[in-house]
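The structure appears right after this line, and notes come after that.
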Amino acid sequence: MSVSAAGTVLAFNVMSPKFADLAPGLAYALVLANQTGADITTGTFTFEGADASAGDPCVPGTFAPLQLSNDCSPAPAVATKKVNAAAIAAGGTGHAVGNKISLGNGVVLAVATVAAGVITGVTIDSAGSITGANPANPVAQVSSSGPGIGSTFNLTWVNAGDASITLSAQNPIKAGTQCAVAVECPKQFVRIFSQGATNLELLAVVTRLRRTGM
Amino acid sequence: MTMSAAGTVLAFNVASPKFADLAPGYGYAIVFSNQTASDVVTGTFTVEGADASANDPCVPGTFAPLDVQPECSPPIGAAAPDAVITFDATHPVKAMSQCAYAVPCPKQFIRVAGTAGTLDILCVVTRLKRTGMAAAA
C-alpha cells in the first residue's frame, strides 16, 4: 500500500518572500486560510508575480503586483490609481457614524466610528481614481453628507490594476474559512505581499500537473 | 473580470496543532514543501487523524496516529503501522522540491506531528463537494 501522492498537486507557502512556481501545472489557486477561531478583518494582500530570471529559469526575477486585465495584454501605459487605505490625520468635529465624506478625485469615505463628533474610524466607500502624481497628504474633506467639518486624511494610492484584496469588518475572512483567488494571466512565479494582517496562512496550490501519468 | 477561485481547492497549514478538515472534498494530499535552497535531511513526522468531536462536527476530537491500512479493512493478524514519514540523508526532501502523501482511509481531520524546521507542511483538499451545483429546477 503506497501513501505517495506524488504528481497530484503542489502546495507552497507564498507569504512574501516565499513564492510558488506555477510552471509545473496548468491551474493554480492562491489561498488565504484563516485557521483561527476569530474573524480576520484587517489586512491588504497584493498578489505579485515574476518571470524567470535571465540567468536561471528556476529562479524568479523581480516581483511586481500582478495586473488585472481583461485579455492578458499589457497594462495601459498610463496607470490609473485608487485609494486602498485612508488614515485619519484630523478627526474634525460634528461627524456621525454613517456620514459619507468626499475628498475629491472620487474618493468617498464612510464614517465608521466617532467619539463626541470626532472621527475615529473610517472605511473606504469609493476608492476614487487618478492618474499621474499622488495628491499631497493630508487631504481635506471637500464635503460631507452630514454636518461634520474639518476632517483630513492621509491616503495611500495604489495602481488600480493591481491584483489585491483588502479585508475589513464588512469583508472579513471568517473564522475557520478560506478565500481562494486565481488572478488571470499570472507570471511563472507568484507570491502574496501582506500588509497589516497576521494569523492568515497564505498558500498556493498548483493543480493539473504536467507530465503526470506519463 | 473576477479573480475568485472559490470552490476549486482548499489549502491548510497542517503542522500540528493546526489541522485540516477533509470533509469538503473527495481528494487530498499532504505536502512537505521545501522552499529553501538546502536539502532537508532529517525529520520524523506522524500523520494524525481525528473524528469530529461529539459536540461539534466542525471541531476535531482527539488526534491519534493514522494507521496505514492495506485496503481500509481491519488488518488481519499484525497491527497496521502508523503513518510515519522519515526523511534522512538517503531520503531527503531536496532543495526547492516537495513530497506528497495521501494516507488511505483518513479521518475527517488530519494534521502532522513532528518538528517542521524549514519545511512547510501543507494539506490540499481537492475535488470539492457541492461545486458546480445548479439551482434546483
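None of the values given here were measured: they were computed from a predicted structure. To find a chain, count down the sequence lines: A is the first, B the second, and so on, and within it residues start at 1.
Residue with the most contacts toward chain B among A/Thr207, A/Val31, A/Val9, A/Val181: A/Val181 (heavy-atom pairs, distance under 4.5 Å).
Using a 4.5 Å cut-off between heavy atoms, A/Leu203 touches chain B through its side chain atoms alone. B/Leu122 touches chain A through its side chain: at least one heavy atom from C-beta onward sits under 4.5 Å away, while N, CA, C and O do not.
Shown here for A/Ala29 and B/Ala5, the closest heavy-atom pair between the two residues is CB-CB, 4.0 Å.
Rounded to the nearest 0.5 Å, atoms CD (A/Glu201) and CZ (B/Phe12) are 11.0 Å apart.
With sequence neighbours left out, the salt bridge (charged side-chain N to carboxylate O under 4.0 Å, His left out) criterion links B/Asp82 to no other residue.
When the heavy atoms of residues 27-37 of chain B are compared with those of chain A, the residues falling under 4.5 Å are B/Ala29, B/Val31, B/Ser33, B/Gln35, listed by number. Chain A is approached within less than 4.5 Å, heavy atom to heavy atom, by no residue from residues 45-52 of chain B. Contacts with chain A (heavy atom to heavy atom, under 4.5 Å) involve these residues of residues 13-25 of chain B, listed by number: B/Asn13, B/Lys18, B/Phe19.
Environment of CG in B/Asp56: crowded, with over 12 heavy atoms of neighbouring residues, nucleotides or ligands closer than 6.0 Å. In this structure, B/Lys107 places its NZ atom where only 12 or fewer heavy-atom neighbours from other residues, nucleotides or ligands lie under 6.0 Å away.
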